[in-house]
Each structure stands twice: as structure tokens, then as C-alpha cells.
Amino acid sequence: MEESRDGDWTLVARKPYFGLPTACPVCLPVYIYLKFARCPFNLEINSAYPDSDQIPYVEGGTYVAYNNEKGGVIQQLKQDGVVDLDSEFSSLPEWVSMKAMMSSWLADAITYELWLGSGENSAKQIYYSDLPWVIGKVLFVKQVYDVKQRFNISKQNAEKKEEERMAVIVSTIASANTMSKNKLFHPCRPTSLDADLVGHVLFTLKALPEDSVIRAALLEHGNLVRYAERHKNDFLTSGQSSASASNFQPPPSAAQASSKPKRKPKREKTEEEKSFQRKAKYFIGAQLVAVLLFLSLLGSSSKADLDEDDED
Amino acid sequence: MAKPDEFKPDPPSENPKTEADDTDDENGDGGYEEEVEDTEEDELDEEEEDEPEPEPRVRTPQSAVRMQRAKLEGLFQRLQTQSVPLRVHDVLIKGNTKTKDYLIESEAALLKNCTTMQEILEVSRAVNFRLQALEVFDSVKITLDSGPPELPGTSNVIVEVQEAKSPLSGEIGAYTKAEARSSTVEGTLKFKNIFGHGDLWDGSFAYGWDHISELSAGVHFPRFRGSSFPLDVRAFLLSQDWLQFSSFKERSMGLSVALLSSRNHDLVYNLGWRTLTDPSQLASRSVRRQLGHSLLSSLKYTFKVDRRNSTLRPVRGYAFAATSQIAGLAPDSRCSRFLRQEVDLRYAIPLGILNSALNFGISGGIVFPWGAGFKNMPSPLPDRFFLGGNSSPISSLGGPTTVWGYRTRGLGPTESRRQLKSNDGDTEDAADPGVDFLGGDLAVTAFADLSLDFPLKWFRDRGIHGHIFASAGNLERLTQNAYKDFSLQKFVSSFRTSVGAGIVVPIQPFRLEVNYYYMMKKFEHDRGKPRFGVTFSM
């Protein structure tokens with residue numbers, strides 16, 4: 001993994017819960033991906049911004065890879081040349097299709113289960129337990145509404161959507177099971193697909209309740225569960241990166257708050273900016289002259305009134 | 001607002017009569033003069049006992065008027081030279097159909113303690129002004145009437161009000177509210193006296209100089225549950241855009257309750273939901289750490305004394321203000337917790353030549369989080385101190401905010417923003433994203449200003465004068481263990497300083513300055529350079 005210019009890398013994710021280093025289904029695959037890359041990084045928790053689509057994000061120095069840019073954090077890290085574990089497999093059609101299924105169908109199914117299904121309590125624990133009660137309550141209601149809007153769910157089509165979701169879950173997990181038998185998942189050379197699979201499986205097993213339909217469907221495929229558990233033991237026992245919540249200490253080589261940062265070359269002003277500044281000065285001068293003229297006219301008219309009154 | 005009616009004795013035809021006056025008021029001139037007449041007559045009777053009886057005269061209307069006038073003049077002379085003992089027996093209220101009696105009675109309560117006519121007149125003026133200040137009456141008239149005949153030396157005070165015909169009114173003005181951070185220009189729509197308690201309901205939109213916009217609705221009770229202090233409750237939605245300076249936007253919504261508001265004291269409780277966002281996604285690391293939601297529950301107390309002759313051009317006097325804020329007053333430990341203290345001192349010394357004066361000022365502030373692990377916690381970004389801006393430190397008493405010549409949030413600790421990769425993937429060649437100004441936990445500013453009139457009469461008549469000034473200021477971080485590295489010597493040696501001169505144009509209620517600034521000492525990323533500039537303040 002490319003070294004950050006100023007030292008360590010940091011992953012900012014949601015809080016740990018249910019025995020997972022981060023209990024958010026979007027953050028966990030990124031965490032696992034960085035673990036697969038075997039690069040030391042700090043894990044920092046953000047509990048104050050549950051509705052942000054920027055989280056998770058990876059930062060190092062002045063570089064930041066946000067979740068809502070360029071297809072996600074992992075994709076951005078690959079594109080920016082920071083870390084790329086998929087170079088050998090990204091041209092394989094079955095790998096690409098499985099990747100698409102993992103990152104869209106299965107991720108959406110988990111999102112639905114978390115916010116609209118049996119995972120409501122889990123969602124509250126993961127996202128809102130560190131916020132004041134009123135704020136957490138309002139944000140939860142807003143998030144549930146947003147998810148319904150995203151999946152276009154209404155009272156009329158709720159049942160139909162549920163059936164469709166079940167079919168998607170079953171087919172996706174079955175496909176993943178088939179792919180795992182075809183050696184698409186490589187424990188020795190893990191890719192972002194492995195990170196997605198392990199992340200989603202672990203989240204489903206640990207964070208969702210026992211009556212969750214996804215959990216029930218997943219438990220029917222033991223090899224997927226065993227695969228995910230093996231990776232969990234690997235990265236949990238190999239020493240977790242230090243996780244610090246609000247007491248994060250940035251590395252000394254990072255860009256510190258300073259009143260004397262290092263010199264950077266002054267940017268040349270464009271012709272447009274120079275002309276704009278010149279026009280701004282003329283405008284301010286004209287306003288000042290107008291104010292002074294107004295005052296003098298006001299003064300002279302009131303003086304003329306006074307003179308007329310005196311004559312009377 | 002209707003012009004306050006000055007207290008005056010009613011002409012004979014207009015004075016309303018009480019029952020007690022019907023039998024006594026033979027001349028139809030109202031009881032006001034009658035009580036005085038009774039008193040005077042008693043004295044005249046005593047005097048007349050020693051004098052030979054004058055010859056009886058036939059009274060013509062003209063002579064009656066002359067006598068009346070003579071008596072009135074005698075009364076006014078007595079009022080000027082000696083106390084005329086007179087007590088208030090009762091305060092009668094007329095004209096209020098909607099307004100509750102208790103409101104007017106409580107405003108007029110002081111009248112019952114008066115013992116002389118001069119005192120009654122003076123207090124009546126004050127009561128008239130206070131009733132007008134409620135903004136629910138179109139006019140207020142206070143009349144003295146004679147008291148019951150069995151109680152000599154007493155009078156009844158009649159307070160006649162005319163309630164506002166239209167309960168709706170609009171205003172545009174410039175204000176500085178206790179709960180606001182800066183002065184604002186505001187447009188307001190008011191509904192008056194809906195429930196008869198002198199209540200004022202308003203909806204307003206305000207825009208402040210510090211990139212603040214606020215939408216709020218509130219209610220004002222002049223006397224809440226019989227207390228002598230007013231109560232103000234406001235619901236607000238406030239938005240501040242600091243993207244250009246610190247890469248974040250702030251949005252707050254909540255309630256603000258002014259618990260105590262008097263001339264020198266203000267106590268305000270704020271409960272608000274605050275959200276910091278970064279739509280630009282360019283924020284530096286320290287700002288990124290602060291993005292998100294927080295609950296602010298705070299009590300803010302302000303003590304202010306301003307003995308200067310003017311806030312626009314102080315020539316003599318002093319002013320002192322101290323503001324203390326404690327946040328985290330909620331059973332929920334997950335809300336924002338900090339302590340904040342500001343102090344301002346201003347002093348003006350007249351020099352005696354060309355109306356010149358020397359103004360000094362010093363302001364300081366400190367903010368620190370409290371609670372478990374407070375030493376490692378940062379202070380909330382919106383509550384830190386930021387220096388710079390287009391306001392004059394002479395007029396304002398709002399803590400350390402301005403160093404002449406520096407732009408808004410233009411000095412202090414900074415941090416590099418996020419660097420975007422250029423199209424060819426090379427970070428080095430990407431455009432410089434700039435820095436975020438992070439503010440400080442400790443701030444100190446000071447200034448000295450010499451103002452003097454111009455020799456030309458045209459300028460003097462309009463209050464336009466010149467001034468020469470010098471100012472200094474500095475910010476420092478103390479939180480997250482930075483206080484361990486704090487050194488007073490280093491803090492003093494890193495003060496930014498500026499000097500300048502300019503013209504001041506007082507345009508009520510604003511103070512407009514056109515100045516030339518020169519930075520004596522600045523640091524790498526400070527946003528200040530020798531230039532002309534305009535400041536607005538009030």
C-alpha cells in the first residue's frame with residue numbers, strides 16, 4: 001500500500017458493536033479490505049454524524065477518500081493508486097458480476113433488513129446510541145423515510161417488494177455459494193470481493209437478530225459462514241489497529257494546526273481576478289461618494305428649510 | 001409607535017369626571033383644579049381671617065376666567081417653589097377592552113407611593129412612557145382627578161388607553177439580541193396583544209454581517225405571571241456559512257428563552273440542535289472531526305455597564321461587559337459541554353482640543369470543554385474565538401472579535417484543507433486548496449484610538465471626524481493537551497498588530513468607517529494586508 005505522505009492512514013468509521021470492529025455494514029467491508037492489504041492504519045470512530053454519506057472515509061495527510069465519491073472508498077483507493085487488490089481479477093466476467101451482486105443486491109437487502117425489517121434495534125444501537133435521545137429519534141425516523149423513498153416502498157406495494165427482496169437474497173447467496181465452490185474467493189489472495197462477502201456475512205450473523213430472513217438464508221450455506229469466520233479470526237487475532245474515538249491523536253508528521261504552516265508558492269492571480277478586484281474598488285469608492293453627496297444634500301436642504309422658517 | 005402623549009392638565013371641557021366630582025364641580029372645569037382650589041382656598045381662608053373683608057363683587061365671565069388663570073398661575077408658582085402635598089387614592093383605568101387590568105396597574109403601581117404633586121407628575125410621565133413602550137396602545141393619557149371629598153389631600157389618577165386598532169405591524173431595523181452572536185439587520189412582522197397580556201408575537205428574518213441568516217418566531221410577555229421582568233421565548237432556525245473560511249456550514253434550530261432582561265443584566269437559556277456539514281468535502285482534518293450533530297443546552301449571563309456618552313463616538317466614560325456561558329445543562333451527558341467566558345473593557349478620555357478623545361479597549365475570552373476526559377477533547381468549533389472582520393471594536397462589546405485590518409476569520413491557527421488529485425493523478429500539481437481557520441480557545445485583543453474633529457464646519461455639523469488607531473490581537477489553542485505547551489511569552493510575542501487612520505461617518509445607528517490599514521506584524525496565512533477598507537458597526 002502506498003505510504004501516506006505524512007505518516008499513518010486513518011479509517012473513520014462507525015462505532016464498534018456486536019463484537020465487530022465497526023458495526024456499520026458499509027464501513028466493515030472497507031475495514032476488512034484495508035486489513036487484507038496488510039497496511040497499518042488507525043481506526044477512528046465517528047458517532048456524531050450517522051446520516052452522513054461521506055463515512056466511511058480513509059485519510060492520510062491531506063488525502064481523503066470519501067464513501068460518496070468515485071464509487072466508494074475501495075474504488076477510490078484503487079483509482080488513486082493507494083491500494084489495489086483487484087488488479088488480477090477485475091477482468092474476469094464472473095468476478096465482475098459477483099462483485100456487482102455483492103455491492104448492490106446484497107448490500108441493498110441488508111440495508112432494507114436493517115432499517116425496515118427486523119434490524120431496527122440494531123440500527124439504533126449502531127448509529128444513534130451516542131447521540132442525545134431527541135436527535136437520535138428524529139434522525140432514525142428520517143432515515144427510515146429516506147430508505148422507503150430509495151426503495152420506492154409504499155403501503156400498497158410493501159408485500160410485493162418483500163417477496164422480491166426475498167427472491168434477491170436467496171439468489172444472491174446461492175450465487176455466492178456457487179462462486180465460492182468455484183474458487184472465486186481467494187483466501188490467500190483476497191480481493192475487494194472477498195472484503196464485501198466477509199463484511200456482509202459477518203454483519204448478517206452478528207448484528208442482525210435471529211429472526212432475520214437474510215440470516216436464515218445465509219445459515220443454509222455453511223461454507224460461506226465458515227469462510228467468513230476464518231477471515232474474522234485472522235484479522236481479529238492478528239492485532240486490531242488502535243481504535244480511538246474522541247481521543248484520537250493525529251500522527252506528528254500530519255498537517256498540524258499551526259499558525260506558521262510551511263510556505264506554499266503564492267498562486268498567481270488571473271487577469272479576471274485582478275479586473276474584478278479593480279472593479280470592486282471602484283464600486284466601493286462610488287458608494288462612498290454617493291453617501292457623502294446624500295449627506296451634503298440632506299444638510300443643505302434642511303438648512304434651506306431652516307432659512308425659510310426664519311424668514312417667516 | 002404613536003408619539004407619547006405628554007402629561008398635561010386637561011382643558012375644562014375634556015376632563016372626565018368621577019362620581020365624587022359631579023356635585024363638587026360647579027365650574028365644569030374638572031376636578032384637577034378643584035382639589036388644588038380646595039387646598040388653596042383653605043389657605044386663603046386662613047389668610048383672609050387677618051385681612052379686612054373685601055367688598056363683594058359681581059362676577060362676570062371674563063373676571064371668572066381671569067380669576068381661574070390667576071389661581072392656575074399661583075398653583076404653577078407653588079409647584080415650582082415648594083412641594084404640594086398630594087397622595088394618590090386610586091388609579092382608575094379606562095379604555096382597555098382587551099388588555100388585562102393587571103398589566104396597566106402593575107406599570108402604574110409606582111403612582112400609589114407618591115406623596116407630592118411634583119412626584120405624581122414625574123412618575124406619571126414615566127408610567128406613560130412605559131405603557132407606550134409595551135407597543136400595544138396607540139395612545140396613553142394620564143389625568144389627575146380629585147379624590148373622594150371625605151379624604152382631603154388625595155387624588156385619583158385616571159389612565160386612559162387607546163388600544164392599537166391594528167394588531168399587525170411590520171418593522172425593519174438593526175438589532176443586537178442577547179442570544180445572537182452579532183448585530184443583525186432584521187425584518188419583523190408583529191401581532192400585538194392577542195391574549196390581552198401585552199403579548200407581542202413576531203416572526204422575523206434577520207441577516208447579520210457575519211454570514212448569518214436567521215428565521216425566528218417568538219413571543220414577548222412584558223410581565224410574566226406577575227413578575228416585574230419580561231419573558232421572551234423564541235424559536236429559531238439559524239444558518240451560518242463558513243465554507244470560505246473554515247470549510248463548514250452551521251445550522252441550528254431550537255428555543256431561546258430570555259429569563260432576565262434589564263438594563264445591566266441578561267440571562268438567556270438556549271436549547272438547540274446544531275449540525276455542522278461540509279458540502280464542499282474539502283475540510284481539513286480538525287474540521288472533519290467536528291462535523292455532525294450536537295445538542296446545545298446552555299445558560300448565558302451578560303452583565304453590561306456602559307457609561308460612555310455615545311457608542312458611535314465615545315468621548316468620555318467607560319464601559320464594561322462580561323459574558324459567562326455554561327453549556328451541557330441537560331440530564332443527557334451526550335450533549336455539548338463547555339465553559340465560555342468573555343470580558344470587555346472600554347475607556348474614553350477627552351483631550352479637550354477639537355473634540356478629540358482617546359479611546360482604549362481590551363477584550364479577552366476563553367473556552368474550555370468540561371466533563372469526563374475534557375483534557376483530550378477539543379472545544380466545539382462554532383464556540384471558539386475567531387478574530388477579524390468588518391466591525392469596529394469601539395462600538396461593539398461582544399468579546400474579542402476584531403483586529404482592524406484583518407479580514408473575517410483572518411488570523412490564528414490554520415490547517416491545510418483536503419488536497420484533490422489533479423487529472424493526471426499527481427497531487428503536487430493540483431490547485432492549492434488553501435487553509436481552514438480553526439479559531440482559538442484563548443483570544444485577546446486590544447486597541448487605542450484617537451479621534452478628532454476636522455477643522456471644517458461642514459464635517460463638524462454632520463459628526464464626521466477622523467481617527468488614528470492601533471490594534472493588536474492573538475489566538476491560541478488550549479484544548480487537546482495544547483495548554484501544556486502554552487507559554488505566555490510566546491503568546492505575547494506572536495501578537496498581530498496593525499495601525500491605520502481614517503474617517504468616521506456616524507449614520508444612526510451605524511458607525512461607518514473608511515480606513516487605511518497597515519499590518520505591522522502578521523504571519524504566513526493571516527488574511528490581512530495594507531489596504532483601504534470600510535467597516536460597519538453599531
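Here is the naming used below: chain letters follow the sequence lines, and residue numbers restart at 1 for every chain.
Interface residue B:Leu276: only backbone heavy atoms are found under 4.5 Å from chain A. No part of B:Ser494 comes within reach of chain A, as not one of its non-hydrogen atoms sits under 4.5 angstrom from that chain. For A:Gln79, no part sits under 4.5 Å from any heavy atom of chain B, backbone or side chain. Contact annotation for A:Val134: neither backbone nor side-chain heavy atoms come within less than 4.5 Å of a heavy atom of chain B. At a 4.5 Å heavy-atom cutoff, the contact between B:Ile507 and chain A is made by side-chain atoms alone. If you measure heavy-atom distances from B:Arg417 to chain A, the contacts under 4.5 Å come from the backbone alone.
Side-chain contact annotation: B:Ser252 with B:Glu250, donor-acceptor N/O pair under 3.5 Å present. In summary, the side chains of B:Thr479 and B:Asp441 do present a donor paired with an acceptor at a separation below 3.5 Å, with no hydrogens or angles considered.
With A:Phe140 as the aromatic partner, A:Lys124 meets the cation-pi criteria of under 6.0 angstrom to the ring centre and within 45 degrees of the ring axis. Cation-pi geometry between B:Arg409 and B:Phe386 is met: the NZ or CZ atom falls under 6.0 Å from the ring centre, inside 45° of the normal.
Ring centroids of B:Phe245 and B:Phe437 are separated by 6.0 Å or more, keeping the two rings apart.
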